[in-house]
Amino acid sequence: MKKGIILAGILILSLCTSCSLKGTNDKGSADFTEKLNAYFGSNGKSVTYKDLPETEAEVVVADYFYFDQSDNYDELLELFSEDNREAMEISIENVKESDTFIQTFIVNELVTFSGEQVDEIDDTLLKSLPRFEATAKALNRWSIVSVKFTQQWNSLERAPQWGNGDYTQLFLVGTDERNGKLKIHMLGMR
């Protein structure tokens, strides 16, 4: 009897754990278990999620970190709106030409703010999104995803202004007239 109760408890616990590792996106359910502690290639890049996406917008942002670290630039570009694609292509080319890169990303916290909750975002952070109001007005639906993360570079010799450490980045994620899919329309960092 006790053995059956223990086995039932283990089964329920494993089901609850697997359910908590799922997010949703416009394609249905996205299972993030394979992305939780991902290591890529001989360069040792990694991304770890200490917080899992709970909204569609958070799934898009979580994928941003995953595709960036896995050097899957085609999928990374697909996450961005047409207005931001050219800037991302330039950024990707710069990364490809450099031997300095972010070795490790740890996504510590994902928080989604709807349009009504914008006043809850630290004003200094919101200023990191240039043209925010005009861009948000042009979208059919949108939210801001705030990500707290830790990054570690493979070398600080030629690392850009954002070196090793803890940071917060905002992503304006939404849909527009041209595309019904959620896309990243802008990002800012503090």
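We number each residue from 1, following the sequence as shown.
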Please find the pair of heavy atoms, one from Asn84 and one from Phe80, that lie closest to each other, and give the distance. CB-CD2, 4.0 Å

Atom of Thr175, atom of His185 and distance for their closest heavy-atom approach: N-NE2, 4.3 Å

Could you grab the distance from atom CG of Leu170 to atom CD1 of Ile144, nearest 0.5 Å is fine? 6.0 Å

Within the structure provided, determine whether Leu139 and Leu172 are in side-chain contact (heavy-atom separation under 4.5 Å). yes

State plainly whether one hydrophobic cluster holds both Phe105 and Phe101, where clusters connect Ile, Leu, Val, Met, Phe, Trp and Tyr through side-chain heavy atoms under 4.5 angstrom apart. no

How far apart are the C-alpha atoms of Asp63 and Glu75, what are their side-chain angles, what is the distance that settles it, and do they pass the side-chain contact (heavy atoms from CB on, under 4.5 Å) test? CA-CA 9 Å; Asp63 280 345; Glu75 292 289 333; over 6 Å; no

Step by step, work out the side-chain contact (heavy atoms from CB on, under 4.5 Å) result for Thr100 and Asn154. CA-CA 6 Å; Thr100 302; Asn154 69 324; 3.8 Å; yes

Under the salt bridge (charged side-chain N to carboxylate O under 4.0 Å, His left out) definition, can you give me all pairs with a residue in residues 138-147, not counting sequence neighbours? Glu56-Arg141

Any donor and acceptor pair, going by atom type alone, linking the side chain of Gln103 with main-chain N or O of Asn43 inside 3.5 Å? yes

Taking side chain to side chain contact (heavy atoms under 4.5 Å, CB included) as the test, write out the residues that go with Ser143, two or more places apart. Ala57, Thr112

Give, for atom CD of Glu82 and atom NZ of Lys183, the distance between the pair rounded to the nearest 0.5 Å. 8.5 Å

Rounded to the nearest 0.5 Å, what's the gap from OG on Ser146 to CD on Glu58? Could you check? 9.5 Å

Within one Ile-Leu-Val-Met-Phe-Trp-Tyr cluster: Leu79 and Leu77, side-chain cutoff 4.5 Å: yes

Any heavy-atom pair between the side chains of Val147 and Val107 that's under 4.5 Å? yes

Mind running side-chain contact (heavy atoms from CB on, under 4.5 Å) on Leu110 and Glu54 for me, showing each step along the way? CA-CA 8 Å; Leu110 295 157; Glu54 296 176 2; over 6 Å; no

Let me check something: do Ile102 and Leu156 share a hydrophobic cluster, defined by ILVMFWY side-chain heavy atoms less than 4.5 Å apart, either directly or through other members? yes

Would a hydrophobic clustering, with Ile, Leu, Val, Met, Phe, Trp and Tyr connected at side-chain separations under 4.5 Å, put Phe65 with Met88? yes

Applying salt bridge (charged side-chain N to carboxylate O under 4.0 Å, His left out) as the test, list every pair that has at least one member in residues 143-156; sequence neighbours left out. Glu109-Lys148

How are the rings of Phe149 and Tyr167 set to each other: parallel, tilted or perpendicular (split at 30° and 60°)? tilted

Rounded to the nearest 0.5 Å, what separates atom OH in Tyr66 from atom CG in Asn72? 8.5 Å

For Trp162 and Gln169, what are the C-alpha separation, side-chain angles and deciding distance, and is it a side-chain contact (heavy atoms from CB on, under 4.5 Å)? CA-CA 12 Å; Trp162 304 102; Gln169 190 165 16; over 6 Å; no

For the side chain to side chain donor-acceptor pair (under 3.5 Å) test, which of Asp71, Asp68, Thr104 pairs with Lys45? Asp71

Check: Gln152 side chain, Asn164 main-chain N or O, donor-acceptor pair, under 3.5 Å: no

Mind checking whether Val173 and Trp142 have side chains closer than 4.5 Å, heavy atoms only? no

Can you tell me how far the CD1 atom of Ile92 sits from the CZ atom of Arg85, to the nearest 0.5 Å? 9.5 Å

Could you see if Tyr64 belongs to whatever hydrophobic cluster contains Leu52? Use Ile, Leu, Val, Met, Phe, Trp, Tyr and a side-chain cutoff under 4.5 Å. yes

So, Glu93 and Lys96, do they make that salt bridge, N to O below 4.0 Å? yes

Which distance, rounded to the nearest 0.5 Å, do you find between the CD1 of Ile184 and the CZ of Phe171? 5.5 Å

